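In this text, all values refer to a predicted model and were calculated from it rather than measured experimentally. Start at 1 and go down the list; that is how both ligands and their atoms are numbered.
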Amino acid sequence: PTGTEDDYFMAVIAADQKIEPRDWMPEKYRKNLIRQIAQHAHSEIIGMQPEGNWISRAPTLKRKAILLAKVQDEAGHGLYLYAAAETLGVDRAELSDMLIDGRQKYSSIFNYPTLTWADVGAIGWLVDGAAIVNQVPLCRASYGPYARAMIRVCKEESFHQRQGYEILHVLSHGTPEQKAMAQDAVDRWWYPSLAMFGPPEGESPNTAQSMAWKVKRFTNDELRQRFVDMCVGQAEILDLTLPDPGLVWNEAEGRHDYTQPDYDELFRVIKGNGPCNRERITHRKAAHEGGQWVRDAAEAYAKKKAKVSA
Ligand code: ACO
């Protein structure tokens with residue numbers, strides 16, 4: 001880069017303006033964005049599986065229609081994000097290959113099983129709730145296509161969070177068995193949801209640079225704290241207990257103290273050794289291979305059209 005290019009790039013960031021695909025950008029900025037946006041896109045696509053597991057068993061037609069819409073939204077989020085990544089010069093097919101062969105990551109949270117219908121509620125409330133806390137600041141990320149994709153994603157995530165909350169509210173005000181099922185789901189999803197925010201300060205190698213470039217606006221710990229503070233009041237209204245005896249209001253600090261998730265478990269899951277990692281990737285690979293004929297047909301059709309118009 002010339003001094004001028006780099007100065008201009010940093011001036012755009014300092015002024016809180018957006019970097020657009022045609023602007024000059026440092027190679028490390030481009031690579032870091034591809035890494036984060038691709039991981040984010042993969043998470044949306046893999047995230048369809050745990051809930052998709054309940055589409056055929058949703059308790060009513062209305063619940064089924066809502067869940068179908070939600071899972072389709074996740075596919076849409078994946079597509080906007082792949083499109084945003086493509087503006088940085090990578091190909092979506094290449095990103096899909098990197099997901100399938102394990103060269104790129106996806107969120108740890110989707111490697112946990114959905115054992116009961118209440119898990120669909122807990123995912124909506126906690127997992128989508130955590131996603132909103134993480135993603136609202138990304139609407140102000142310095143890279144224009146990513147920030148703009150996040151605006152629509154966050155609106156849809158709000159609906160997802162509400163639908164999960166409502167499922168849990170109905171269950172927790174239902175029969176004792178339903179309430180116990182809701183509590184069990186919250187007990188299992190709480191710590192994995194906290195871990196979703198990523199490793200703590202000191203073990204998060206990307207944070208400092210990402211914040212300097214204004215891709216990330218807050219540290220993983222700051223967002224995790226915000227999420228805990230948000231959930232406490234909501235759990236009270238749900239009449240469910242967050243499974244942490246160490247969760248108490250800290251008057252002096254103006255926030256809750258809480259027990260950290262097990263970060264060794266997070267690293268194990270990220271490395272591929274969570275309860276459902278293999279199942280998720282096997283399923284994705286089969287779906288990808290099963291869709292090959294659609295991609296072939298689309299390509300053949302595009303070629304035919306190009307020939308006709310030439
Ligand atoms: N699951 C899987 N991998 C993770 C997780 C997690 N929960 N948290 C951190 N990691 C990985 C990072 O990708 C990074 O690995 P890499 O350098 O090989 O890419 C490593 O652990 C160290 O973490 P950080 O240095 O903290 O990484 P980063 O600054 O990227 O922060 C975070 C991680 C917060 C997830 C960030 O990438 C982000 O905000 N991403 C966008 C949101 C997102 O991906 N959400 C997905 C789930 S939400 C949903 O889809 C509904």
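Looking at ligand 1, you won't find any N or O of L138 less than 3.5 Å from one of its N or O atoms. Between N220 and ligand 1, at least one pair of N/O atoms sits closer than 3.5 Å. At under 3.5 Å, not a single nitrogen or oxygen of F110, backbone or side chain, sits near a nitrogen or oxygen of ligand 1.
Under the 4.5 Å side-chain criterion, counting only non-hydrogen atoms from C-beta, Q104 is in contact with H42. Considering only heavy atoms from C-beta on, L242 comes within 4.5 Å of C231 through its side chain.
Less than 4.0 angstrom separates some heavy atom of Y106 from each of these atoms of ligand 1: 1 (N), 2 (C). Near S43, meaning under 4.0 Å from any of its heavy atoms, are these atoms of ligand 1: 46 (C), 47 (C), 50 (O). Short contacts between ligand 1 and Y146, defined as distances under 4.0 Å to a heavy atom of the residue, involve ligand atoms 41 (C). Residue Q135 has at least one heavy-atom neighbour below 4.0 Å for each of these atoms of ligand 1: 48 (S). Every atom of ligand 1 with a heavy atom of F197 under 4.0 Å away is listed here by number and element: 34 (C). Shown in contact with S107 at under 4.0 Å from a heavy atom are these atoms of ligand 1, numbered in order with element: 1 (N), 2 (C), 46 (C), 47 (C).
With a 6.0 Å cutoff to the six-membered ring centre and a 45° limit on the axis angle, R280 does not count as a cation-pi contact of F110.
I100 is linked by a side chain to side chain contact (heavy atoms under 4.5 Å, CB included) to R284, K285, H288, counting only residues two or more places apart in sequence or in another chain.
When all heavy atoms of D119 and A185 are compared, the pair lying nearest together is OD1-CB, 3.3 Å. Counting all heavy atoms, side chain and backbone alike, T114 lies closest to P50 at OG1-O, 2.7 Å.
Looking at R162 and E166, no side-chain N of the basic residue comes within less than 4.0 Å of a carboxylate O on the acidic one, giving no salt bridge.
For the residue pair Q135 and H40, a side-chain donor N or O sits within less than 3.5 Å of a side-chain acceptor on the partner. With no hydrogens or angles considered, a side-chain donor-acceptor pair links T207 and K216 at under 3.5 Å.
Scanning the protein heavy atoms around atom 40 (N) of ligand 1, the nearest turns out to be Q36 NE2, 3.5 Å. For atom 20 (C) of ligand 1, the nearest protein heavy atom (residue, atom name, distance) is N206 ND2, 4.4 Å. In terms of protein heavy-atom proximity, atom 42 (C) of ligand 1 is closest to N134 OD1, 3.0 Å. Scanning the protein for heavy atoms near atom 10 (N) of ligand 1, the closest one is I270 CD1, 3.7 Å. From the protein, the heavy atom lying nearest to atom 28 (P) of ligand 1 is K216 NZ, 3.4 Å.
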* **Derivation and outcome, side chain to side chain contact (heavy atoms under 4.5 Å, CB included), residues E51 and K70** => CA-CA 9 Å; E51 290 176 287; K70 197 211 146 173; 2.6 Å; yes
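F197 and F227 have tilted rings, their planes meeting at an angle from 30° to 60° on a 0 to 90° scale. Below 30°, between 30° and 60°, or above 60°: for H256 and W249 the angle between ring planes is above 60°, a perpendicular geometry.
Within 4.0 Å of atom 32 (C) of ligand 1, not a single protein heavy atom is present.
For atom 26 (O) of ligand 1, the nearest non-hydrogen atom from the set G78, P137, S204 belongs to S204. Of all the listed residues (E44, R35, R217), E44 holds the heavy atom that lies closest to atom 50 (O) of ligand 1. Residue nearest to atom 1 (N) of ligand 1, selected from S108, P199, P200, G47: S108 (by heavy-atom distance). With K105, H40, Q39 as candidates, the residue nearest to atom 13 (O) of ligand 1 on a non-hydrogen basis is Q39. Scanning G274, P205, G198 for the heavy atom closest to atom 22 (C) of ligand 1 points to P205.
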